[in-house]
2 protein chains.
Amino acid sequence: MARPRSFDEAATMEKIVRQFWARGYEATSIRDLEAATGLGMTSLYNAFGGKRQVFCSALTYYSKHRTQRCIEGIERLPAPADRIRTFVARVIDAASEDPDRLGCLVINTAIELGPHDEDIATVVADNLAEVEAFFRRNYEAAQKQGQADPNVTPEDAGRSFSALMFGLRVLARSRPERDVMEGAARPLLALLRYGDQGCC
Amino acid sequence: MARPRSFDEAATMEKIVRQFWARGYEATSIRDLEAATGLGMTSLYNAFGGKRQVFCSALTYYSKHRTQRCIEGIERLPAPADRIRTFVARVIDAASEDPDRLGCLVINTAIELGPHDEDIATVVADNLAEVEAFFRRNYEAAQKQGQADPNVTPEDAGRSFSALMFGLRVLARSRPERDVMEGAARPLLALLRYGDQGCC
DNA sequence: AGGATTTTACAGCAGATGATACAAAAAGAT
DNA sequence: ATCTTTTTGTATCATCTGCTGTAAAATCCT
């Protein structure tokens with residue numbers, strides 16, 4: 001009968017995610033991961049594999065537990081226009097309140113490793129595609145309710161809201177000021193008030 | 001009388017910029033810089049200083065020769081709305097045509113080092129502020145000519161177009177497809193056709 | 001008690017890292 | 001020719017890096 005693990009995998013993975021999220025892949029050494037988790041290198045290797053493998057696991061974990069969970073929660077809201085507003089507001093809130101300027105692990109990774117590592121680029125691309133799909137389908141649904149500007153195609157809306165989110169993530173790392181980010185979001189969010197204006 | 005330099009500083013700096021631009025700070029070693037420039041470590045140290053110093057110089061050089069020069073050139077166009085369109089188009093063109101997915105050194109650096117290195121964060125912030133100011137003043141000028149939606153303040157426009165650019169830079173690293181990026185830009189660029197629609 | 005299995009601790013490896021020290025080289029002046 | 005100054009080349013340093021090997025530890029079963 002084997003010796004039991006002395007740590008909880010999910011809790012440890014959260015710490016690993018946090019470390020990579022703050023510093024990125026290259027600037028994080030195995031010893032940084034030891035310090036962040038309180039575990040020895042051998043334990044980390046046994047449970048998660050080598051550095052690149054543990055990074056891939058962390059990225060996938062983040063993608064599932066942060067991005068997808070967030071989207072699932074938001075899609076419980078009944079109104080699609082509210083879903084879009086809420087997602088944007090969540091990102092602005094997170095950035096404004098984070099002294100560590102973490103931003104988003106996926107976006108950070110897209111920049112750091114995306115052009116050079118195919119496997120990681122695939123995880124990144126899947127995550128970004130989910131974000132875009134969220135905006136696309138909720139914009140389309142909002143249009144059907146007369147709550148979104150009909151001059152913008154759902155495809156363009158998905159892409160432009162996604163690009164806005166990416167831009168907000170860059171601001172989260174560089175200038176996480178609420179008024180700046182809200183100002184950045186306002187013109188696109190104005191597309192969602194379209195039906196409220198009783199136009200021409 | 002001292003031995004003369006065997007290399008041209010500006011040409012070498014271009015190569016250094018290119019290396020850091022492609023791989024970032026942490027993943028670039030001094031030996032990578034040696035290989036990229038064809039110079040020995042001692043020559044690099046004498047001319048540019050240690051790794052972090054040479055990176056700061058590269059970032060500043062990029063900021064001046066890439067961002068500022070680009071903006072200066074674009075502002076020779078007479079129509080402010082065209083300036084905005086052109087800047088966006090330039091970024092989309094560059095990303096669509098770059099097999100190396102370089103993106104933008106400033107944005108890459110904002111993500112990689114921004115939260116952790118104050119001096120570098122300052123160079124980044126200055127550059128991002130120039131981009132925002134470009135959009136802000138040209139949006140305002142376009143409004144005065146009746147070429148931009150008057151419901152959007154120049155401040156919000158500056159911020160939202162900046163955020164769009166940042167988002168496009170993220171796409172440049174992860175998914176540099178022209179139609180995706182043009183779709184992302186289309187709703188904001190539509191603000192510039194406002195006067196053309198002969199609205200209500 | 002011993003046996004079996006997995007986990008953890010510890011020591012160490014080969015190579016990489018940013019940087020330094022020192023000698024040789026390049027150039028103009030005397 | 002020598003002198004002076006800066007640059008380049010080369011060897012090396014101390015430390016760090018991701019990773020491996022091995023022994024001790026933890027657990028249940030017989």
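Proteins come first, then strands; the chains are lettered A, B, ... in the order of their sequence lines, and each starts at number 1.
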Specify the separation, in whole Å, of atom [atom1] of [X] and atom [atom2] of [N].
| X | N | atom1 | atom2 | result |
| --- | --- | --- | --- | --- |
| A/Q53 | D/dT20 | CD | P | 11 Å |
| B/M41 | C/dA21 | CE | P | 14 Å |
| B/F48 | C/dG18 | CZ | C1' | 17 Å |
| B/E34 | D/dT10 | CD | P | 11 Å |
| A/L44 | D/dT17 | CG | C1' | 15 Å |
| A/L33 | D/dT17 | CG | P | 11 Å |
| A/F7 | C/dA9 | CZ | P | 10 Å |
| B/I30 | C/dG18 | CD1 | C1' | 6 Å |

From the options D/dT8, C/dG12, D/dA26, select the nucleotide whose nearest atom is closest to the side chain of A/P4.
->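 Nearest listed nucleotide: D/dA26.
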Choose from C/dA9, C/dG18, D/dT20 the nucleotide whose nearest atom is closest to any side-chain atom of B/S29.
-> C/dG18
Describe, in one word, how the ring planes of A/F87 and A/F135 are oriented to each other, choosing from parallel (under 30°), tilted (30 to 60°) and perpendicular (over 60°).
-> parallel
Taking only side-chain nitrogens and oxygens of [X], does any of them come within less than 4.0 Å of OP1 or OP2 of [N]?
| X | N | result |
| --- | --- | --- |
| B/S43 | D/dT8 | yes |
| B/R3 | C/dA25 | no |
| A/Y45 | D/dC19 | yes |

Is B/E9 salt-bridged to B/R5, cutoff N-O under 4.0 Å?
-> yes
Among side-chain atoms of B/D32 and B/S29, is any donor-acceptor pair under 3.5 angstrom?
-> yes
Name all pairs fulfilling the salt bridge (charged side-chain N to carboxylate O under 4.0 Å, His left out) condition that reach into residues 129-142 of chain B, sequence neighbours left out, sorted by first residue then second.
->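 Listed once each, the pairs are A/R175-B/E132, B/E75-B/R137, B/E132-B/R159, B/R136-B/E140, B/R136-B/E155.
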Evaluate the side chain to side chain contact (heavy atoms under 4.5 Å, CB included) criterion for residues B/Y25 and A/E26: first the C-alpha distance (whole Å), next the side-chain angles of each, then the deciding distance (0.1 Å), finally the verdict.
-> CA-CA 9 Å; B/Y25 179 76; A/E26 290 288 341; over 6 Å; no
Looking at every strand, decide which applies to A/T42 at a 4.0 Å heavy-atom threshold: base, sugar-phosphate, or nothing.
->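 If one applies the 4.0 Å heavy-atom cut-off, A/T42 turns out to touch a base.
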Which comes earlier along DNA chain C counting from the 5' end, the contact point of B/A2 or that of A/A2, where each point is its nearest nucleotide?
->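 On the 5' side of the pair lies A/A2.
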